[in-house]
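Notes follow the structure.
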Amino acid sequence: MTSVKSIIAWLFLLHVVMLLMSCSTKSTSTVKLESWVEEKSNGEYIVVERLLELNPLTLIQSQKTAILSMKNDTDVQVSVMWYKDLPDLGLDMDSISVRMLSAQEDLGFAKTIASHRI
């Protein structure tokens, strides 16, 4: 009985390691995201970081998460979920722009509050 549990544990561990190795390599979809953001935002936004998803469901659905920022102020950031197999990666530049402007306003308020601290 314990040998069966041990075999199952090893197989699971092997599966997780293989999954992590396949996710850690830079794929063409990442380059596609960066070029999509560059093109659609007219160079206004950049991809700061791509987050590694370990949830099997998001991996099956090809759902990815990335952090975008304004090129001229990298403190202004938003996270986006995108799908490598959907047209336009499942992203809408208008909604990203609205979220980016909101993040810029929030950051401005935070800096104002921080500068008025006693």
Side-chain angles (χ1 to χ4, degrees):
M1 187 69 162
T2 58
S3 64
V4 172
K5 287 182 181 178
S6 138
I7 291 172
I8 290 172
W10 277 107
L11 286 174
F12 178 75
L13 182 62
L14 179 64
H15 177 72
V16 168
V17 168
M18 288 175 46
L19 183 65
L20 289 175
M21 287 175 57
S22 70
C23 292
S24 67
T25 59
K26 187 171 182 175
S27 66
T28 58
S29 63
T30 301
V31 174
K32 188 176 178 181
L33 172 68
E34 291 170 345
S35 61
W36 185 91
V37 169
E38 178 75 24
E39 176 188 330
K40 298 293 182 177
S41 72
N42 296 323
E44 216 175 310
Y45 308 136
I46 58 172
V47 178
V48 176
E49 188 171 345
R50 292 162 301 281
L51 304 176
L52 176 64
E53 293 286 342
L54 296 179
N55 183 349
L57 183 60
T58 59
L59 293 172
I60 291 169
Q61 295 173 340
S62 299
Q63 177 182 331
K64 311 279 185 185
T65 305
I67 306 293
L68 305 181
S69 78
M70 296 183 116
K71 197 175 223 177
N72 59 356
D73 186 1
T74 56
D75 289 337
V76 179
Q77 300 179 350
V78 297
S79 68
V80 294
M81 284 191 286
W82 60 283
Y83 301 85
K84 64 181 181 180
D85 299 328
L86 290 179
D88 276 340
L89 305 176
L91 295 171
D92 175 33
M93 188 49 70
D94 291 335
S95 73
I96 292 172
S97 295
V98 168
R99 291 177 53 211
M100 200 67 82
L101 289 174
S102 176
Q104 188 176 30
E105 288 177 5
D106 291 347
L107 182 64
F109 292 141
K111 286 180 178 179
T112 301
I113 291 170
S115 68
H116 288 88
R117 286 184 64 187
I118 298 174

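Every heavy atom of this structure was used, including side-chain atoms; hydrogens, water molecules and symmetry mates were not. Predicted model only: the values in this text are computed from it and were never measured. Residues take their numbers from the sequence shown, with the count starting at 1.
In this structure Asp85 satisfies the side chain to side chain donor-acceptor pair (under 3.5 Å) test together with Ser62, sequence neighbours excluded.
Here the closest non-hydrogen pair linking Trp36 and Asp92 is CH2-N, 4.4 Å. Here the closest heavy-atom approach between residue Thr112 and residue Ser115 is recorded as O-OG, 2.8 Å. Contact between Met93 and Val37 at its shortest, heavy atoms only, is CE-O, 4.3 Å.
Using a 4.5 Å cut-off on side-chain heavy atoms (C-beta onward), Glu34 and Arg50 make contact. A 4.5 Å side-chain heavy-atom check between Lys84 and Lys64 finds at least one atom pair inside the cut-off. No side-chain heavy atom of Val76 sits under 4.5 Å from any side-chain heavy atom of Ser69.
The residue from Val47, Thr65, Ile96 that alone fulfils the side chain to side chain contact (heavy atoms under 4.5 Å, CB included) condition with Val80 is Ile96.
Under a hydrophobic clustering in which Ile, Leu, Val, Met, Phe, Trp and Tyr are joined whenever their side-chain heavy atoms come within less than 4.5 Å, directly or via other members, Leu51 and Val48 fall into the same cluster. Note on Ile67 and Leu107: separate hydrophobic clusters, where clusters join Ile, Leu, Val, Met, Phe, Trp and Tyr whose side-chain heavy atoms are under 4.5 Å apart, directly or indirectly.
Here CG of Asp88 is found 4.5 Å from NZ of Lys40. Values are rounded to the nearest 0.5 Å. Atom OG of Ser35 sits about 8.0 Å away from atom CG of Leu89, to the nearest 0.5 Å. Expressed to the nearest 0.5 Å, how far CE of Met100 lies from CD of Gln77 amounts to 8.5 Å.
Identified under the side-chain hydrogen bond (donor to acceptor under 3.5 Å, both in side chains) test for residues 95-106, with sequence neighbours left out: Tyr45-Ser97. The stretch residues 65-80 participates, sequence neighbours left out, in these salt bridge (charged side-chain N to carboxylate O under 4.0 Å, His left out) pairs: Glu38-Lys71.
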